[in-house]
Amino acid sequence: MVVADLRAPAATPALPATPVPEPSSVAFGGDRGRLDIAQRAVERIAEITARRHGAVVRRDAVLGRGLPKARAVIAGRRTRVEVQVAAAWGRPLSEIATEVRQAVTTDIERFTALGVDRVDVEITAVEITPATITQAGSHQDGPPPVPARSPVAGPVAAAIGVVGALILIVVGAVGVAEMLRSVGLLRGDVIRPSWFGWTDVLEPTSWLRPAGIAAVVIGLLLLVIAVKPRRRTHLAVQGPDTIVWIGAADAARLAAESATGLDSVTAASVAAKRRRLHATITTFGDAARVRDEVGTSIAERLRTVSPQPRVRIELRED
């Protein structure tokens with residue numbers, strides 16, 4: 001006799017659903033959990049690696065992201081990276097791009113275990129840094145260093161421009177008020193006749209010529225002020241590879257320091273006025289000898305300063 005087993009078969013346990021990684025990340029399974037590597041993490045590794053290169057210049061951006069800047073695309077366990085950098089002047093760009101590409105590839109593979117299919121390096125700018133200027137000056141066959149721009153005083157025309165702008169604002173406000181009065185939106189007189197009552201005795205021929213001449217003179221004066229070169233406010237100290245700018249007060253301190261340590265000099269003070277130095281020396285020694293030694297010491301101390309300031313030495317007996 002055959003007996004059929006009518007019991008329902010045991011239910012097969014359902015397997016847990018495997019989460020599908022997002023397009024911007026990659027997941028690695030393991031015995032104790034999973035690791036998600038986001039697209040932004042790969043981009044940050046590329047940016048930090050490029051920034052650490054000696055020939056890459058960091059540039060901050062007012063809006064958005066500065067340089068270096070990277071963009072990564074992850075597909076499975078492979079990635080492709082695009083890097084934008086600003087390079088320092090002085091080296092071939094192809095060498096910089098090759099070194100950045102190799103460094104980015106190595107760090108991404110080492111930190112993420114992702115395979116790097118491609119790294120595109122785009123050099124968007126070349127900048128001159130103090131280090132590259134010093135390096136260029138040390139090579140005879142390299143280009144000369146770029147001179148620094150001389151500090152100058154503020155333009156005289158700026159104050160005149162501010163005053164003229166205020167006058168135009170006042171005149172414009174008066175014109176708007178007169179327009180509102182003419183259409184009936186404002187009552188009363190904007191400019192009282194009593195303010196300019198003295199103009200009633202003037203005839204057109206009496207004031208037109210002086211006003212025209214004054215306007216021409218003022219216009220020419222403003223034109224001269226606008227094109228006049230601004231005066232230099234600092235003195236240049238020429239070094240072997242660099243140029244440093246100092247003020248007249250700094251030159252006076254250097255001169256006083258050089259004169260203080262001389263024989264027979266008990267005190268020294270130097271006052272500066274633009275390109276002139278007035279040295280007051282207190283001494284108990286021979287006046288002619290002290291004057292010569294002080295002048296020689298100050299000239300040697302300010303030898304690298306350009307233009308050379310004029311020095312006036314006043315001796316006082318101690």
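Everything quoted here is computed from the prediction, not taken from an experiment. Reckoned from all heavy atoms, side chains included, excluding hydrogens, waters and symmetry mates.
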Step-by-step side chain to side chain contact (heavy atoms under 4.5 Å, CB included) determination, T124 to V85: CA-CA 6 Å; T124 59; V85 299; over 6 Å; no
Gap between atom CG of D120 and atom CZ of R80 - 0.5 Å precision: 7.0 Å
Side chain proximity check, R59 to E127, heavy atoms < 4.5 angstrom: yes
Nearest-0.5 Å distance that lies between atom CD in E122 and atom CD in Q84: 4.5 Å
Spacing of I37 atom CD1 and T79 atom OG1 [to the nearest 0.5 Å]: 9.5 Å
Minimum heavy-atom distance between V121 and A97, given as atom pair plus value: CG2-O, 3.8 Å
Nearest heavy-atom neighbours spanning V81 and A46: CG1-CB, 3.9 Å
Any T280 side-chain heavy atom under 4.5 Å of H278 side chain: yes
Cluster overlap I128 with L67, hydrophobic side-chain contacts below 4.5 Å: no
N/O donor-acceptor pair under 3.5 Å between Q308 side chain and R303 backbone: yes
Derivation of the salt bridge (charged side-chain N to carboxylate O under 4.0 Å, His left out) call for D117 and R78: CA-CA 7 Å; D117 290 335; R78 312 291 298 181; 2.6 Å; yes
Main-chain N/O of I45 paired with T49 side-chain donor or acceptor, under 3.5 Å: yes
G115 backbone acceptor or donor facing E109 side chain under 3.5 Å: no
Rounded distance (nearest 0.5 Å) linking atom OG1 of T266 with atom CZ of R316: 11.5 Å
Residue pairs involving residues 41-54 (criterion salt bridge (Lys or Arg N to Asp or Glu O under 4.0 Å); sequence neighbours excluded): R40-E43, R40-E47, R44-E47, E47-R65
All salt bridge (Lys or Arg N to Asp or Glu O under 4.0 Å) counterparts of R110, not counting sequence neighbours: D107
Test item: R291 side-chain N/O and I313 main-chain N/O as donor-acceptor pair under 3.5 Å: yes
R101 side chain vs V119 backbone, donor-acceptor pair below 3.5 Å: yes
Joint cluster assignment, I96 & V126, ILVMFWY side-chain distance < 4.5 Å: yes
Atom pair CZ (R312) and NZ (K273), whose distance is rounded to the nearest 0.5 Å: 12.0 Å
Same cluster (ILVMFWY, side-chain, under 4.5 Å), I48 and V104: no
Which atom of T260 lies closest to which atom of A268, heavy atoms considered: OG1-CB, 4.0 Å
Contact summary for L302 and P309, nearest pair of heavy atoms: CD1-CG, 3.9 Å
Heavy-atom side-chain proximity of V290 to D263 below 4.5 angstrom: no
Separation of E314 CD from T282 OG1 (nearest 0.5 Å): 9.0 Å
Contact check, side chains of E99 and H53, non-hydrogen atoms, under 4.5 Å: yes
Which atom of A259 lies closest to which atom of V265, heavy atoms considered: O-CG1, 3.5 Å
Distance-only donor-acceptor check, side chains S264 and R289, under 3.5 Å: yes
Inter- and intrachain pairs under side chain to side chain donor-acceptor pair (under 3.5 Å), touching residues 246-256, at least two apart: D250-R253
A255 versus L277, closest heavy-atom pair with distance: CB-CD1, 4.3 Å
Cluster link V57 to I123, ILVMFWY, side chain under 4.5 Å: no
